[in-house]
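First comes the structure, then the notes that go with it.
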Amino acid sequence: MGLDFTVIPKYLDVVLLGCLWTIAITVAAALVSFFGGILLAVVALYAPAVIRLPFRAFEFVFMGTPLLLQLFLIYFGLVQIGIDLPAFVAGVIGLGLHFAVYNSELIQTAILAVDRGQMEAARTLGLSRTQALRKVVVPQAVRAVIPPIGNNMIALLKDSALVSVIGVSELTLSAQRAIGATYRPFEFYLLAAAFYYVINLGMEWVQRRIERRIAISR
Amino acid sequence: MTESNDFVQIRHAQKSFGTLEVLKDISLNVARGQIVAIIGPSGSGKSTLLRAINDLDALTGGEVWLDGVQVNKKLPHRQYEKHINEMRQQIGMVFQHFNLFPHMTARENVTMAPKMLKGLTAEEADALAEEQLDKVGMLERIDYYPSQLSGGQKQRVAIARALAMKPKLMLFDEATSALDPELVGEVNQVMKKLAEEHMTMIIVTHEMDFAASVCDRVLFMDQGVVVEEGPPEQVFGNPQKDRTRAFLRKELDETE
Amino acid sequence: MDIDLMMRVYPFFLEAAWTTILLSVLTALLGLACGALGAAARLSRFTSLRLLGATYVSIFRGTPALIQLFILYFGGPQVGIQLDAFEAGVIGLGINAGAYMTETIRGAIISIDKGQREAARTLGLSQFQAFYKVILPQAARLMVRPLGVNLNMLIKATALVAAISVVELTYTAQRYIGSTYKPFEMFLLAGVLYMIIIYATGRGVSWLDRKVRIT
Ligand SMILES: Nc1ncnc2c1ncn2[C@@H]1O[C@H](COP(=O)(O)OP(=O)(O)OP(=O)(O)O)[C@@H](O)[C@H]1O
Ligand SMILES: [Mg+2]
């Protein structure tokens with residue numbers, strides 16, 4: 001059958017649109033995973049056992065199972081209990097929760113490292129435990145783990161391809177649409193890969209800049 | 001073919017790291033059985049000179065000869081590798097940080113190279129390990145791992161490891177600098193013993209007392225050149241150069 | 001929760017779990033081979049090989065594994081590569097995992113103190129002898145833990161082959177969700193099996209790590 005890259009221009013706009021959706025879902029899920037990660041970390045460390053233990057179980061399950069399986073659960077599970085969310089929202093929730101758990105792991109370790117000393121220092125100034133957490137401990141901990149969280153976010157970009165299977169029209173699914181019309185899988189998947197690669201490089205560039213900033217501010 | 005006086009020859013050694021010239025035209029002859037100390041301030045090029053002798057740091061100019069054979073011969077890559085490996089078997093080296101192999105016991109550290117390179121059988125290798133470790137007083141610890149040994153003990157095993165290759169020449173790069181003061185003696189003891197056996201040695205050291213008591217000759221290096229050399233009585237007792245005097249005064253202050 | 005249904009379908013999940021395990025083992029072996037080659041290339045003294053290794057790592061870590069799988073499985077025939085879904089899964093995921101393992105293996109090797117190599121070379125060992133007698137045994141011990149992390153990710157990544165219809169755990173769960181409309185139950189069945197596989201692997205890795213660690 002051979003390769004024929006001349007078919008690409010005709011469907012470039014479809015794929016480019018998919019690119020935008022990929023960026024959108026990556027950013028949205030990254031935000032969910034970032035704040036979700038902080039929340040999970042604080043709950044896992046400081047909440048009373050009745051809340052803490054179920055959260056821990058949730059983390060355990062999310063770290064022990066594949067993202068794709070989790071996406072199926074969320075997408076079809078929500079439908080089953082009568083919540084019919086758009087695929088995009090389900091995708092954001094699935095990706096966001098999955099990476100929130102990974103971020104939480106990092107943040108927990110960092111909080112424990114900062115807590116010693118800093119918590120006491122803040123308490124002696126008269127801050128309550130919650131205030132000390134919010135104003136002193138958590139901000140420092142989060143700053144310390146920005147670089148590894150950045151790695152998670154770059155992994156998130158690549159895992160965002162999975163939401164194509166629950167019907168989010170992002171880059172991968174857009175490529176599939178073009179393939180459906182042209183029967184040219186090699187060309188269009190390669191094109192999609194190239195776009196992912198470029199976005200990936202962009203994220204790595206941003207990550208390096210942020211790391212440099214943090215290095216200065218500390 | 002070699003007179004005993006040129007057992008080791010360094011001829012016009014020159015070494016640069018990029019634009020930094022670390023060795024500037026250094027020449028040195030060492031006779032068989034002679035013991036030479038190299039002293040000098042930090043960064044003066046002592047380690048670089050020592051490491052040039054077995055080509056761990058290749059010279060950018062000049063020659064090194066051992067017992068009539070040029071160590072840093074110009075040869076095509078493959079042949080050179082073979083040649084240098086043979087030369088290195090004849091040159092033992094002891095490092096400041098021991099560099100024992102942590103995944104091997106003292107015995108294995110000592111026997112690995114002889115087994116591999118000289119085809120010793122297991123029994124021969126064991127006998128060799130016992131002999132060499134006994135010499136450095138480490139026989140009881142023969143089956144210990146480096147992590148189970150003190151610094152002084154590690155260094156003695158490292159010396160045994162080098163001796164097991166039956167080298168013609170031993171190089172010591174600040175063998176006692178990383179040791180706690182109370183452990184220095186045991187390593188110096190071993191080196192003295194080697195001196196009594198007339199092992200040819202080149203010793204980089206910060207210990208002036210040791211250099212004075214063991215060595216036949218002392219070389220004072222500064223900024224990549226040999227500033228002064230001679231018998232220890234002369235270099236330590238009656239230094240001719242200002243730089244030598246300044247260095248020795250500073251060293252004395254620090255040890256007091 | 002529909003226990004009856006779960007009892008009825010769990011044998012299919014068990015069977016699928018074996019496929020997941022087989023897939024994981026083969027992928028891990030191929031990944032390890034690719035990782036070793038990749039690391040060798042990245043540490044080579046030839047610039048061209050170093051560049052090749054770096055490109056391999058960058059491309060395969062810089063794009064989604066799912067896309068890589070699709071290119072191989074759906075695009076392969078266009079360039080004369082005909083693979084069934086299982087083969088494409090093993091090869092695609094293995095090469096992908098190899099890119100991550102390249103970095104793990106290389107990291108362990110370059111973390112070995114350079115004095116170790118120098119001491120070995122000083123004794124007269126060749127470059128190669130120094131590597132396999134002195135550097136590699138130490139690096140291999142350091143690799144166990146991070147390769148365990150790679151393995152953990154790899155096992156979860158085998159779920160991707162569901163997208164090319166390999167009948168493993170995730171595919172089976174997906175199919176039964178479609179036919180029974182019981183997503184939670186099906187997730188539970190597959191999830192528990194995944195967690196058992198991952199937990200057991202993790203224990204194995206810890207055991208190995210303790211066993212080989214230099215005290
Ligand atoms: N691999 C290298 N690359 C660049 N510069 C080097 C390298 N090795 C040594 N140098 C430089 O060469 C000079 C001499 O170093 P060398 O280690 O020989 O000094 P030294 O006399 O042994 O000092 P010390 O007493 O601190 O061990 C120093 O300025 C050092 O920074
Ligand atoms: Mg030095």
Side-chain angles (χ1 to χ4, degrees), chain B residues 47 50-51 53-57 77-78 80-105 108-118 144-148 154 157-167 169-173 178, chain C residues 32 36 39-41 43-51 104-148 205-215:
Chain B
S47 297
L50 205 66
R51 292 158 58 87
I53 295 174
N54 65 0
D55 201 49
L56 271 188
D57 284 335
H77 181 77
R78 294 280 286 275
Y80 184 71
E81 279 292 300
K82 194 167 171 305
H83 162 75
I84 196 66
N85 292 336
E86 278 161 16
M87 293 309 299
R88 283 175 180 159
Q89 292 182 35
Q90 305 168 35
I91 306 173
M93 185 164 201
V94 175
F95 301 87
Q96 182 176 358
H97 295 288
F98 332 126
N99 297 356
L100 282 183
F101 307 130
H103 60 302
M104 299 181 188
T105 60
E108 290 163 344
N109 264 282
V110 173
T111 57
M112 189 265 286
K115 271 194 198 159
M116 200 157 177
L117 303 173
K118 296 189 165 171
Y144 282 48
Y145 282 93
S147 60
Q148 299 167 304
K154 279 184 202 160
V157 173
I159 294 172
R161 176 176 71 179
L163 292 175
M165 291 303 286
K166 311 281 185 198
L169 166 69
M170 284 288 287
L171 309 173
F172 292 84
D173 191 358
Chain C
L32 218 47
L43 296 169
S44 160
R45 65 196 170 88
F46 300 109
T47 315
S48 52
L49 279 181
R50 284 203 301 275
L51 203 67
T104 304
I105 294 171
R106 172 176 165 272
I109 289 171
I110 61 177
S111 74
I112 302 300
D113 184 71
K114 81 176 198 317
Q116 290 292 311
R117 198 186 65 86
E118 287 184 350
R121 295 306 307 272
T122 299
L123 290 166
L125 270 66
S126 70
Q127 185 91 354
F128 179 70
Q129 288 169 327
F131 179 75
Y132 89 87
K133 262 310 220 201
V134 174
I135 310 290
L136 190 59
Q138 295 180 55
R141 289 164 162 92
L142 289 182
M143 275 173 219
V144 173
R145 223 163 236 292
L147 280 179
V205 169
S206 303
W207 173 83
L208 188 63
D209 181 55
R210 266 197 312 279
K211 198 173 139 77
V212 301
R213 190 170 313 150
I214 302 166
T215 43

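Letters go in sequence order (proteins before strands), and every chain restarts at 1.
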So what's closer than 4.5 Å to chain C heavy atoms on [X]: side chain, backbone, both or neither?
| X | result |
| --- | --- |
| B/M93 | both |
| B/L171 | neither |
| B/R161 | both |
| B/M87 | neither |
| B/L56 | side chain |
| B/H103 | both |

Is it true that, when you exclude B/K118 itself, more than 12 heavy atoms of the residues, nucleotides or ligands shown sit nearer than 6.0 Å to its NZ?
yes
Find the distance between NZ (B/K115) and NZ (C/K133) and round it off to the nearest 0.5 Å.
7.0 Å
NZ (C/K114) and CG (B/N99) are apart, to the nearest 0.5 Å, by 9.0 Å
Taking all non-hydrogen atoms of both residues into account, name the closest pair between B/F101 and C/A119 and its distance.
CE2-CB, 4.0 Å
List the atom of C/R121, the atom of B/N85, and the distance in Å for their closest heavy-atom pair.
NH2-OD1, 3.3 Å
Residue-level contacts of residues 122-129 of chain C with chain B, using a heavy-atom cutoff under 4.5 Å:
C/T122, C/L123, C/G124, C/L125, C/S126, C/Q127, C/Q129
If we only count heavy atoms from C-beta on, is the B/P102 to C/Q116 side-chain gap below 4.5 Å?
yes
Show the numbers, then the answer: is there a side chain to side chain contact (heavy atoms under 4.5 Å, CB included) between C/V134 and B/M112?
CA-CA 10 Å; C/V134 174; B/M112 189 265 286; 3.7 Å; yes
Residue from B/Q89, B/E81, B/R88 scoring the most non-hydrogen pairs under 4.5 Å with chain C is B/R88
If you tally heavy-atom pairs under 4.5 Å between each of B/L100, B/I91, B/I84 and chain C, the highest tally belongs to B/L100
